[in-house]
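FYI, side chains are in, hydrogens and waters are out, and symmetry mates aren't considered; it's all heavy atoms of this structure. Sequence lines set the chain letters: A, B, ... in the order given, protein chains first and strands last, and positions in each chain run from 1.
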Amino acid sequence: MSSAAAAPLPVRAAASRTPWLLSAPAFTLFACLLLVPLALTAVLSFQVFDHATGLKNSFTLAHYAAVLTDDYYHGIFWRTLWISALTTLICVLVGAPEAYVLSRMRSPWRSILLLVVLAPLLVSVVVRAFGWSMLLGPEGVVNQAMRALGLPSMRILYTEAAVVIALVHVMLPFMVIPVWTSLQKLDPGVEDAALSLQASHFTTLRRIIFPQVLPGILSGSLIVFGLSASAFAIPGLLGGRRLKMVATVVYDEYLHELNWPLGAAIALTLLLANLAIMLSYNSMLERSYKKSLG
Amino acid sequence: MSFLTLANVNKSYGATRAVADMNLSVDKGEFVSLLGPSGCGKTTTLQMIAGFCEVTSGQVTLDGRDITHAKPNTRGLGIVFQSYALFPHMSVYDNVSFGLEMRRVPKEERAERVKAALALVHLEAHAGRYPRELSGGQRQRVALARALVITPPVLLLDEPLSNLDAKLREEMQFELRQIQRKVGTTTIMVTHDQTEAMSISDRVVVMEAGRVTQIDQPHRLYEHPQTRFISNFVGKANLLEGRVTAAGPWATVEVGGRVQLELEAPGVSEGDTVVLSLRPEKIRLLSQAQGRIGGTVKERFFLGSQWLYQVSTAAGQLAVVCPNDGTAPAEEGANVGLDWAAQQVRLLPGAQGVPA
């Protein structure tokens, strides 16, 4: 009897261990590949660097002070911020209607066009960046077309415009997919209901559809903003040597200046800034729709 | 002049005709149900009235206005969708108020009318709630209030009760009818549930494979089904196949080779093969050697208020329903007599010539 009464205990203990065991592989991977390098980078960012002798094993806040006070870095951070914000905005304006149109298409076309939207993800970012540089360059297709129309040629390549155009192209699927997902969850009758109550198509979109896909737009913009702010290949290849964004500066500090601690400090500052912006944006928007959508 | 008319309305999807030559006139204030099995075209018909589905040919007229090709948002009809289609991001109040807002009703009047509509469906206390915080029945009421608040000329109900559990469905049936009587809105309801259609409609339109097979008042529909399909779809029926042995105003039909049945059937001639319908509750269960024919109780089922017997007779197996009057029921295996009034045996028109 006593053994039977004691039996459930180890079973329960095993059951309580199961979630830990199940998540252990993912956690190990996460720890090895993300947490450890991040911690090492953090440690690195507080180390003294000397151009003649290299790394020294003593503590300093000089790198952070440089990043936070130097106008040069302010400019780069500011540029990164507005380029990412603009990219996000354009992605919302293009991606959300695109997802809506896609969701209203008929069966064969819908999957075909969804594939077209997602196809860019199958091509390397570097290849796409070179593609854009061929299109936007001084002798590129865009400028040739301008000249053919009698318009003056423009300098697009190695400007912010080129970076934004290419970033939008790369990031669009990350906006379309979450919006698409929230559109799929929509009751198709809701639109008909609004129409039957004499709402115009535009009012239906604005008052009925849009508020319901807002969570999708929100998560899409978080993904797009986060990826844009830390984008490296696009600004590196289309922004040129002089137009720097934070990720390219970090690269320069590491590989050209060999000032690893400063690079680490910039990278962590970007991480924190990104985190702060995304969290506040998230909580701000979530407050506005949480009450109604739960 | 009827209020809503469908004249020769057709709907084709490629080669398949979802609705064929639909003719229907609905009077003002009438409650009409479109009844049929799934895929019979009843929902398509409703969608065409609502404007969500293009009419292939024919004409839909509302109060003298041709609305065949009018946009759905210009028809001004009140619609309750099967899924209710409430706006999940709006409170109950805002849901009901939306239609009035779209009609640019002034704010004070809007508040009054929303309140009245919510009172009509007993939801005044829930105005501030969101749809996801409501039960199925409450959502149904919100959908109804939202459709009625705009005082539509016609209310369209698309399987309004199909998402409710049986008990609630019965309650809502009667409430729906009461509300409709109170506000007097012309109503068209689509349903596949014959009890629902019969209990609350003024008239029932039975549809089968895209065609209307009978339009009648519920009682007439039940008592005089026009086809074999209807007699079985609307209520239960014992269908008997037989051959006419003597014609006249009262014909004699031989069923199962031995049993002679007399029935009112002026149109038949001797030698015709016919199908007869006899409702289970029209048959009385008597003791042995009484009544028209004798039989043996094969099975019996207790349904609470009724007993259902399967009695095997010379005319075939007959279902018999008797009210549970508290006395002892017939035992399985018992020999019984069956009787019915001769005029209760109905000849199914259109079923003549069906091989027996």
Side-chain angles (χ1 to χ4, degrees), chain A residues 92 96-97 99-100 103-110 178-221 282-294, chain B residues 43 46-47 49-53 70-105 128-133 139 142-152 154-160 163:
Chain A
V92 171
Y100 178 72
S103 75
R104 302 308 305 273
M105 280 181 156
R106 279 176 203 211
S107 184
W109 296 111
R110 188 162 62 183
V179 176
W180 163 269
T181 314
S182 38
L183 277 167
Q184 294 304 100
K185 282 187 272 180
L186 223 68
D187 177 357
V190 159
E191 222 174 324
D192 285 348
L195 288 176
S196 78
L197 294 166
Q198 300 203 333
S200 66
H201 279 280
F202 180 72
T203 310
T204 308
L205 274 180
R206 187 174 60 86
R207 296 270 314 265
I208 306 300
I209 307 293
F210 178 74
Q212 292 190 67
V213 297
L214 200 59
I217 294 179
L218 167 66
S219 44
S221 11
N282 191 21
S283 68
M284 184 185 78
L285 272 180
E286 217 166 46
R287 254 204 313 279
S288 70
Y289 73 70
K290 187 150 200 179
K291 190 162 176 287
S292 51
L293 290 177
Chain B
T43 298
L46 195 83
Q47 297 260 328
I49 300 172
F52 296 129
C53 180
K71 292 243 177 301
N73 54 4
T74 61
R75 298 189 184 204
L77 308 180
I79 304 171
V80 174
F81 293 84
Q82 189 173 8
S83 65
Y84 311 144
L86 298 178
F87 308 134
H89 59 294
M90 293 186 187
S91 66
V92 167
Y93 183 95
D94 291 337
N95 261 284
V96 178
S97 165
F98 186 80
L100 295 176
E101 250 178 274
M102 292 302 116
R103 283 155 199 252
R104 311 209 188 289
V105 173
R129 300 266 191 101
Y130 283 91
R132 75 190 139 79
E133 299 168 330
R139 284 180 209 184
V142 176
L144 191 61
R146 185 177 68 176
L148 283 174
V149 76
I150 57 175
T151 54
V154 175
L155 178 66
L156 303 176
L157 307 170
D158 184 7
E159 304 256 8
N163 285 336

**Prompt:** What part of A/Asp192 lies closer than 4.5 angstrom to a heavy atom of chain B: side chain, backbone, both or neither?
**Reply:** both
**Asked** Which answer fits B/Leu86, side chain, backbone, both or neither, if we ask what part of it has an atom under 4.5 Å from a heavy atom of chain A?
**Response** backbone
**Request:** Identify the two heavy atoms, one from A/Gln198 and one from B/Met102, that lie closest to each other, and give their separation to 0.1 Å.
**Result:** O-CB, 3.9 Å
**Request:** Could you tell me whether a side-chain N or O of B/His89 sits under 3.5 Å from a main-chain N or O of A/Phe210, the two making a donor and an acceptor?
**Result:** no
**Asked** At a heavy-atom separation under 4.5 Å, does A/Thr203 approach chain B through its side chain, its backbone, both, or neither?
**Response** side chain
**Message:** Using heavy-atom distances under 4.5 Å, tell me whether B/Leu77 contacts chain A through its side chain, its backbone, both, or neither.
**Reply:** backbone
**Message:** Let me confirm one number: the CD-CZ distance from A/Gln212 to B/Phe87, rounded to the nearest 0.5 Å.
**Reply:** 8.5 Å
**Item:** Flag, side chain of B/Asn73 to backbone of A/Ser196, donor-acceptor distance under 3.5 Å
**Value:** no
**Prompt:** Tell me, side chain or backbone of B/Glu101 under 4.5 Å from chain A's heavy atoms, or both, or neither?
**Reply:** side chain
**Asked** What residue among B/Leu100, B/Ile150, B/Asn95, B/Val149 forms side-chain contact (heavy atoms from CB on, under 4.5 Å) with A/Leu197?
**Response** B/Ile150
**Request:** Against chain B, work out which of A/Val190, A/Leu195, A/Asp187, A/Ile208 has the most heavy-atom pairs shorter than 4.5 Å and name it.
**Result:** A/Ile208
**Request:** Give the minimum heavy-atom separation between B/Ala85 and A/Ala193, together with the two atoms involved.
**Result:** O-CB, 3.8 Å
